[in-house]
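Below is one structure, written out as structure tokens; comments come after it.
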Amino acid sequence: MKDFVIPGQTGAPAFSDRDHGTPARAGAPVTLTIDGFPVTVPEGTSVLRAAALAGIGIPKLCATESLEAWGSCRLCLVEIEGRRGTPASCTTPVAEGMVVRTQTDTLRRLRRGVMELYISDHPLDCLTCAANGDCELQDMAGAVGLRDVRYEAPPEAPLANHFLRAHAGAPNPDWRPVDDSNPYFAYDPSKCIVCSRCVRACEEVQGTFALTIEGRGFASRVSAGTAADDFLHSDCVSCGACVQACPTATLTEKSVIAIGTPERKVVTTCAYCGVGCSFEAELRGDQVVRMTPWKHGKANRGHSCVKGRFAWGYATHPDRILSPMIREAIDQPWRQVSWDEAIGFAAARLRAIQAEHGPRSIGGITSSRCTNEETYLVQKMIRSVFGNNNTDTCARVCHSPTGYGLKQTFGTSAGTQDFDSVEQADVVIVMGANPTDGHPVFASRLKRRLRQGARLIVIDPRRIDLVRTPHVEAAHHLALRPGTNVAVVTAMAHVIVTEGLANEAFLRERCDWDEYLAYAEFVSDPRHSPEATEALTGVPASELRAAARLYATGGNGAIYYGLGVTEHSQGSTTVMGIANLAMLTGNIGRPGVGVNPLRGQNNVQGSCDMGSFPHELPGYRHVSDPAARAIFESVWGTPIDPEPGLRIPNMLDAAIAGTFKGIYIQGEDILQSDPDTRHVAAGLAAMDCVIVQDLFLNETANYAHVFLPGCTFLEKDGTFTNAERRINRVRKVMQPLSGLADWEVTMRLANAMGAGWTYTHPSQIMDEIAATTPSFAGVSYERLEELGSVQWPCNEAAPEGTPIMHVEGFVRGKGRLIVTEYVPTDERTGPRFPLLLTTGRILSQYNVGAQTRRTANTVWHMEDVLEIHPHDAEVRGIKEGDWVRLASRSGETSLRATLTDRVAPGVVYTTFHHPVTQANVVTTDFSDWATNCPEYKVTAVQVSLSNGPSDWQRDYAAQAEAARRILPAAE
Amino acid sequence: MDTGRLVRMANQIATFFASQPGGRGAEETAAHLRAFWDPRMREALFAHLDAGGEGLSPLAREAAERLRHPA
């Protein structure tokens, strides 16, 4: 699209769409003159960008501000006084006093000649082209005044262009068909102008290096690997950066081809992982045409992954349930009813349960996929309408140990940095996380920094992609045995302390010195040395020592970690150990360092902030604190139970014991996502009222009595808070398909139980959050409009939010180093179960897969497979693709095996995206000592050849099918 | 409540606090149980104590007793 503005009007809006041609630079101010207008820009800025900043658009094709200048299209030529020729403005940096002319007769002639050559090898089917109206080539032809193309193919044979299928009765050897192998975009080689923007985007922005230009001169073409590779079968990860960068219709979203160009845009926030990318939802009417990462989004800086950009088709999938449904018992079919009847039925049942079993016999689960406002309302309903603290959220099963561990050490449970911080890191530890799959946009930002020379330490049982990927190689990969995180982290601290690498000045100033001395004595014990723990952890001592030295001495050290840290019986202890490492080395409180939990779901940070935990009110204040309770009691007008409530696993235990009988579950599928599926099913089956609010009839709904249709992030207003504490707006682009937004459904249920709430817009809920929660005191929708996003704490002391935490001092005052004794998990391998199973995610699928399984992403991952080392496979007679039985003491399932040395001998690995596999049938009920976060990452298993699905899988499928029957609607 | 589970959880908590310097393991374990366990879980633990407290580690037992009869 054209983005010319009138010269002189430089006061562009804060969030301008304008493409300035080359990236921004930081430097001393330089003043030059462009077409007579004085311009002052930072040193290092290109003339092209300086002109754009002055409001002068120099024609360009190969330049775009997300990529470094390339200088190939020869369209952005300018004249500079005192310099010979006509240099490309994109590759020419500004200089003090420079006098530039962007429009002269010579330049006009040259540009027109260049465009004429481009157009001579480009089909003129603009009217029927998918990029019509959104084509930079078209715009530039207009901008340079191209009126005529003199180069035409001679009527008789051989012709030299790429776009005619045939000429003079003979096929054109240079024509190539469209590659539409990727489900989301098409590659039409006939429209390519070889500007290399796609190739550069793949390298610079995404960091995958899947694309190249093959051939030379006229034979140059974009290629996804070898001649035999199409896009789908290449290394391409379908992030779409190439599609976004393409100035023509060569790489085009299939949705644009199918629907047409969008007519309006709404800035919103992705509902997949905890990176929280900002997107522009581009629409025609209320139909989404495409999702384009928003360049002003501070989490993603204009980049995205395959899920956020492309995998939104679930939002209108026919499996969506749009009518409320109820049933007396779970062996009955569902009956579609009105909202009033469903809500009335649910409210009456919940109240009846409380009348019989007491106020603490019901509870609820808030959703880490829903907005802050919705989460706040659910916990408010539980606390002030149900009258107890039986609220929990899926953070229980992912990052609850982060909450506990960081609160104990630093004083608050959040990540310490913004994502921009990685640009200043020198040594990065990635522990128990797989960013290229789980947090892809952060991974791209990390890889960019690694290509600039930062060093990488990977601590993971599995050889994740980051260990060795194009232009990135980890300095150290500590491939520890699952379950030995604490031993490894403590051994690293041993090296740092005993080799005199601790930052004593930082420790004396910022931490409790006496606690440090006790800690130093503990870690210095020879039993914590890498040599002593090697037999246990499987990590070679020399490698661990080298990694610890690198982290302590290599400059800014940043730690990023994931669920491989938390989902252990010592998850909280490992989090403390990580915080200890940061404090020991002084790597906290400034850009480039810090302790950064990579959050799983879009709003898992927010759901924790909003008081979803049974012991904490919003803002992490314990329910036993009368002052905190008083704030909410005065606003809510109801008393708050001072006793902590049940956590999810405790709710299930209490259900089996008969003291917990009713649950309201908003947007979480505990039957698939929580460990020990049989135990979860037994707990749900023991309840009298299970209310599920979701997009689809998820697995948990098989045990539900009330189903309330949920809505997608496209259908409501609100906010999500990402892993960097950034509060981003979610904006409604279409009406809720079921008629009600999720917050309205909760309000109706609360009101049916006597709440008397009167919210008419989520902004009012945010105002209540701000009024009651000090770290959100400065947050409002107006403020978010103004700033785009804000990182909490946002209050009087930090009106624009807090990108980096613990700058002057720790939230708790002095940082606290805590002794981290390694305690082996009770889950041990033995003769019956000799292998250790660990689990993870894959790029194309998301968690339980409810969303991504309902998109074309399934082409990359149709089923969960078991990764097994060739040695372990061989002794069991297992070959690639064989159907195998995976058994633990909890249960068994079956799936296909793939042989790989990514996992060490003795370790097997799978994903948990598909309900037919139900990897959680196998996981156990062991959990983190402090938080009950399940020990997903360590399960002793046996693997053997199998003939197909297990009996359990067959029974499960039959039960699910029966439970999903829906009676035809009454006439 | 499944007492086996509660005993295991209490023992895990006690194991952590036993490793901390300062000799306040029982107190810290009791405080943790007070802060994070729902009343029925604590009641079930006390009932298990009355029944002999089988399986509780010495520190977990001391913590449970301390929680039940705060000084």
Side-chain angles (χ1 to χ4, degrees), chain A residues 358 360-361 363 388-390 392 400 404 408 486 514-515 517-519 521-522 569-570 572-573 576 613-616 622-625 641-647 649-660 679 818-826 925-932 935, chain B residues 1-64 66-71:
Chain A
R360 290 181 182 149
S361 59
N388 62 50
N389 288 308
N390 293 329
D392 208 356
S400 54
Y404 184 81
Q408 295 299 313
V486 170
D514 288 337
E515 275 167 356
L517 290 178
Y519 174 79
E521 191 189 335
F522 164 78
S569 60
Q570 279 201 293
S572 292
T573 316
M576 294 176 201
F613 287 141
H615 65 285
E616 276 172 342
H622 201 276
V623 292
S624 64
D625 173 5
D641 187 346
E643 291 291 346
L646 294 166
R647 301 174 283 200
N650 312 143
M651 291 180 193
L652 295 166
D653 289 345
I656 291 168
T659 64
F660 187 81
H679 179 65
I818 297 178
V819 165
T820 53
E821 187 73 65
Y822 169 67
V823 180
T825 168
D826 290 336
D925 59 354
F926 288 140
S927 65
D928 174 49
W929 68 267
T931 66
N932 274 159
E935 186 164 60
Chain B
M1 301 293 281
D2 180 339
T3 43
R5 260 173 221 267
L6 294 177
V7 167
R8 188 171 72 218
M9 285 158 58
N11 287 348
Q12 274 184 293
I13 296 163
T15 302
F16 175 80
F17 288 109
S19 72
Q20 298 302 302
R24 298 175 59 236
E27 200 179 323
E28 303 254 19
T29 303
H32 189 95
L33 295 174
R34 183 73 190 80
F36 295 101
W37 281 27
D38 155 277
R40 83 196 77 181
M41 294 165 69
R42 281 178 267 145
E43 289 303 326
L45 184 65
F46 299 154
H48 181 65
L49 264 188
D50 287 342
E54 193 193 339
L56 283 171
S57 69
L59 192 67
R61 179 186 292 268
E62 192 188 333
R66 185 185 283 255
L67 184 61
R68 186 178 208 179
H69 305 293

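We name chains A, B, ... by the order of the sequence lines, and we start the count at 1 in each one. Heavy-atom basis, side chains included; hydrogens, waters and symmetry copies ignored.
- In terms of heavy-atom pairs under 4.5 Å with chain B, the best-connected choice from A/Ala518, A/Ala654, A/Ala655 is A/Ala654.
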Verdict with reasoning, A/Asn388 to B/Asp38, per side-chain contact (heavy atoms from CB on, under 4.5 Å): CA-CA 10 Å; A/Asn388 62 50; B/Asp38 155 277; over 6 Å; no
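- At least one donor-acceptor pair under 3.5 Å links the side chain of B/Gln12 to the backbone N or O of A/Ser927.
- Highest contact tally toward chain B, considering only A/Thr820, A/Ile818, A/Val823, is held by A/Ile818 [criterion: heavy-atom pairs under 4.5 Å].
- For A/Thr659, the parts lying near chain B are the backbone and the side chain together; criterion is any non-hydrogen pair under 4.5 Å.
- Neither the backbone nor the side chain of A/Phe522 comes within contact range of chain B; no heavy atom of the residue lies under 4.5 Å from a heavy atom of that chain.
- Qualifying side chain to side chain contact (heavy atoms under 4.5 Å, CB included) partners for B/Asp2, counting only residues two or more places apart in sequence or in other chains: B/Arg5.
- Heavy-atom distances place no part of A/Ser572 under 4.5 Å from chain B, backbone and side chain included.
- In terms of heavy-atom proximity, A/Asn650 sits nearest to B/Met1 at O-CE, 3.9 Å.
- Using a 4.5 Å cut-off between heavy atoms, A/Asn390 touches chain B through its side chain atoms alone.
- At a heavy-atom separation below 4.5 angstrom, chain A is approached by B/Arg40, B/Met41, B/Arg42 within residues 40-62 of chain B.
- At a 4.5 Å heavy-atom cutoff, the contact between A/Met576 and chain B is made by side-chain atoms alone.
- The backbone N or O of A/Val819 sits less than 3.5 Å from a side-chain atom of B/Gln20, completing a donor-acceptor pair.
- Contacts of A/Phe926 with chain B are made by both backbone and side-chain atoms, with heavy-atom separations under 4.5 Å.
- For chain B, no part of A/Ile656 is nearby; none of its heavy atoms comes within less than 4.5 Å.
- Looking at residues two or more places apart in sequence or on another chain, you find no side-chain hydrogen bond (donor to acceptor under 3.5 Å, both in side chains) involving B/Thr29.
- Heavy atoms of B/Arg8 lying under 4.5 Å from chain A belong exclusively to its side chain.
- Contacts between A/Arg360 and chain B at a heavy-atom distance below 4.5 Å involve backbone atoms as well as side-chain atoms.
- Every ring pair (Phe, Tyr, Trp, His ring centres under 6.0 Å) that B/Phe36 has, sequence neighbours left out, goes to A/Tyr404, A/His615, B/His32.
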